[in-house]
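I am attaching a structure below and will ask some questions about it afterwards.
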Amino acid sequence: MKNERRRVLKWAAVSGVAWLLAGCKQGPNPPVPGKPTVYLTTDDGPLRGSEYIDAAVREYEVPMTAFVVGKHAQSLAFRARLEAYRNNPHIRLGNHSYTHANGHYLDYYRHPRRVLQDFEHNQRALGLSEKIGRLPGRDSWRFGSRAYDADLTARAAANLLAQNGYRLYGWDLEWTHTQSGAPIGTAEQIHQKIIHQLAKGDCFTPGHLVLLMHDQMFRSRAAVAQLRRLLSLLKEDQRIRLRYIDEYPLSAPSRLPKSVKTPRLIKAPATGIGESTPVDPLEFGR
């Protein structure tokens, strides 16, 4: 038993989560290499709510990746929100398809080549330089030799996108919302879930957690206050570091060593509406 614990702690030190397993308190030191990393991402913009995300990210100067939908940028109002993202030095853009499957995911993924065309259209329409993407409604990962699909219906499309140079990123934890678009859970609760999940290793890559949010969640004063509070908590938490999604390790073990129980990847919200819910995000953007 002692040898088993020794092996686990040794792995934890290498992977950068030893501070979590040992229960270390926050300290004044700045982030250092090896610390657990959190990647903040939003989906579905530009929509109502994008402007508040833009303002909050500028205020707290935290790195964030916004996965954007070309269809949503057709109106002048939403186009202005997209340009604000482009001009924000703390936000990088990713490809979330042009149509977001129009809310019909099963039919969308029955035609992998159409999915590729949809992503290529979005690249051109929005002038995206990097092929960094996230599938609409599906938690799939593709980069290098690494792959994962929470839903096998998207496997063929994800493979085709990868063959055409796309790096696809899923998520480890999702901040879901109600039918009206309001966030479910407080900033403190989401912060605690992030720390707890990193400690347990419930991530595609242990020590690296991708948080998924949605632009349409932050349209009310109360919701924006929760977003600002979460950004403040994460920025001040010296146990972790924040990075852009394109800084995610492309070559890393996706599982814990044999001496540790394989992590249970948290892939679907227990309550609320999330990315995999078959709904057109524009319904929340009006």
Side-chain angles (χ1 to χ4, degrees), residues 40-60 62 64-82 84-85 88 91 93-94 96-108 134-139 150-151 170-194 197 210-234 266-286:
L40 301 176
T41 68
T42 66
D43 279 9
D44 303 342
L47 289 171
R48 283 184 54 210
S50 299
E51 66 271 34
Y52 301 117
I53 294 174
D54 173 64
V57 169
R58 288 177 185 273
E59 177 182 357
Y60 290 97
V62 295
M64 180 175 288
T65 303
F67 288 94
V68 293
V69 177
K71 175 184 175 182
H72 298 173
Q74 295 308 300
S75 73
L76 291 178
F78 288 175
R79 171 66 68 171
R81 290 172 169 90
L82 178 64
Y85 273 177
N88 189 325
I91 290 180
L93 300 182
H96 198 37
S97 81
Y98 186 82
T99 65
H100 204 278
N102 292 313
H104 301 287
Y105 302 149
L106 286 177
D107 182 65
Y108 184 72
R134 173 176 286 152
L135 294 183
R138 293 294 183 267
D139 181 13
D151 189 319
W171 61 89
D172 299 299
L173 178 64
E174 182 173 11
W175 193 355
T176 58
H177 55 83
T178 66
Q179 187 68 46
S180 66
I184 295 177
T186 65
E188 284 76 11
Q189 289 171 333
I190 298 302
H191 178 231
Q192 290 173 7
K193 285 183 178 182
I194 289 171
Q197 198 160 320
V210 176
L211 177 66
L212 165 60
M213 302 175 286
H214 298 84
D215 287 44
Q216 58 267 32
M217 293 168 55
F218 306 109
R219 296 175 295 163
S220 70
R221 182 176 299 178
V224 174
Q226 289 299 320
L227 173 64
R228 296 177 67 254
R229 177 61 177 158
L230 178 62
L231 298 188
S232 175
L233 287 169
L234 293 174
I266 299 176
K267 292 302 173 187
T271 59
I273 292 178
E275 178 61 36
S276 58
T277 306
V279 64
D280 187 340
L282 275 177
E283 295 182 12
F284 296 94
R286 302 187 194 287

Nearest 0.5 Å, please: how far is CG in D151 from CG in L135?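 Atom-to-atom, L135:CG and D151:CG are 10.5 Å apart.
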
Taking every non-hydrogen atom, the tightest pair across P136 and A101: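 Minimum heavy-atom separation between P136 and A101: CG-N, 4.4 Å.
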
Indicate the atoms forming the closest heavy-atom contact of A84 with D54, along with that distance.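 Smallest heavy-atom distance, with atoms named: O-OD1, 3.4 Å.
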
Between the side chain of R134 and the main-chain N/O of G170, is any donor-acceptor distance below 3.5 Å?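 Indeed, once roles are kept as given, a pair shorter than 3.5 Å links the two residues.
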
Please give me the minimum heavy-atom distance between T99 and Y108, naming the atom from each residue.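 In terms of heavy atoms, the two residues are closest at OG1-CE1, 3.9 Å.
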
Within the side chain of Q197, is there an N or O that forms a donor-acceptor pair under 3.5 Å with the backbone of D172?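 Answer holds: yes.
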
Minimum heavy-atom distance F218-P183, with the two atoms named: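 The pair with the smallest heavy-atom distance is CE2-CG, 4.1 Å.
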
Main-chain N/O of T186 paired to Q226 side chain as donor or acceptor, under 3.5 Å: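 Pair absent, no side-chain N/O of Q226 close to backbone of T186.
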
Do you know which of H214, H100, Q216 makes side chain to side chain contact (heavy atoms under 4.5 Å, CB included) with D43?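 Filter result, single survivor: H214.
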
Do side-chain atoms of R81 reach the backbone of L47 as a donor and acceptor pair under 3.5 angstrom?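 Checking the backbone N and O of L47 against the side chain of R81, a donor-acceptor pair under 3.5 Å is found.
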
Nearest-0.5 Å distance, CG of residue D215 to CZ of residue F78: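 Reported to 0.5 Å precision, the distance equals 10.0 Å.
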
Nearest 0.5 Å, what's the OG-CZ distance between S180 and R219?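 It is 7.0 Å, given to the nearest 0.5 Å.
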
Is there a side-chain contact (heavy atoms from CB on, under 4.5 Å) between M213 and L227 once you walk through the steps? CA-CA 10 Å; M213 302 175 286; L227 173 64; 4.1 Å; yes

Give a yes or no on whether the backbone of I184 and the side-chain of W175 come within a donor-acceptor separation of less than 3.5 Å.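 Yes; judged by distance alone, with no hydrogens or angles, the pair exists.
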
To the nearest 0.5 Å, what is the distance between OH on Y60 and CG on L234?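 Result: 11.5 Å between the selected atoms.
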
Rounded to the nearest 0.5 Å, what's the gap from CG on L211 to OG1 on T42? Could you check?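 Those atoms lie 10.0 Å apart.
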
Quick check on Y52: does its OH atom have over 12 non-hydrogen neighbours (other residues, nucleotides or ligands) under 6.0 Å away?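 Atom OH in Y52 is not crowded, with 12 or fewer foreign heavy atoms closer than 6.0 Å.
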
A66 versus Y85, closest heavy-atom pair with distance: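 The answer is CB-CE1, 3.7 Å.
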
Can you tell me how far OG1 of T277 sits from OH of Y105, rounded to the nearest 0.5 angstrom?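 Nearest 0.5 Å value for the OH-OG1 distance: 7.0 Å.
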
Would you please say whether a donor-acceptor pair under 3.5 Å links the side chains of H72 and D44?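 Looking only at side-chain atoms, D44 and H72 do not form any donor-acceptor pair under 3.5 Å.
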
For the student: nearest non-hydrogen atoms of S50 and G45, plus distance: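 Closest heavy-atom pair between S50 and G45: OG-CA, 4.0 Å.
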
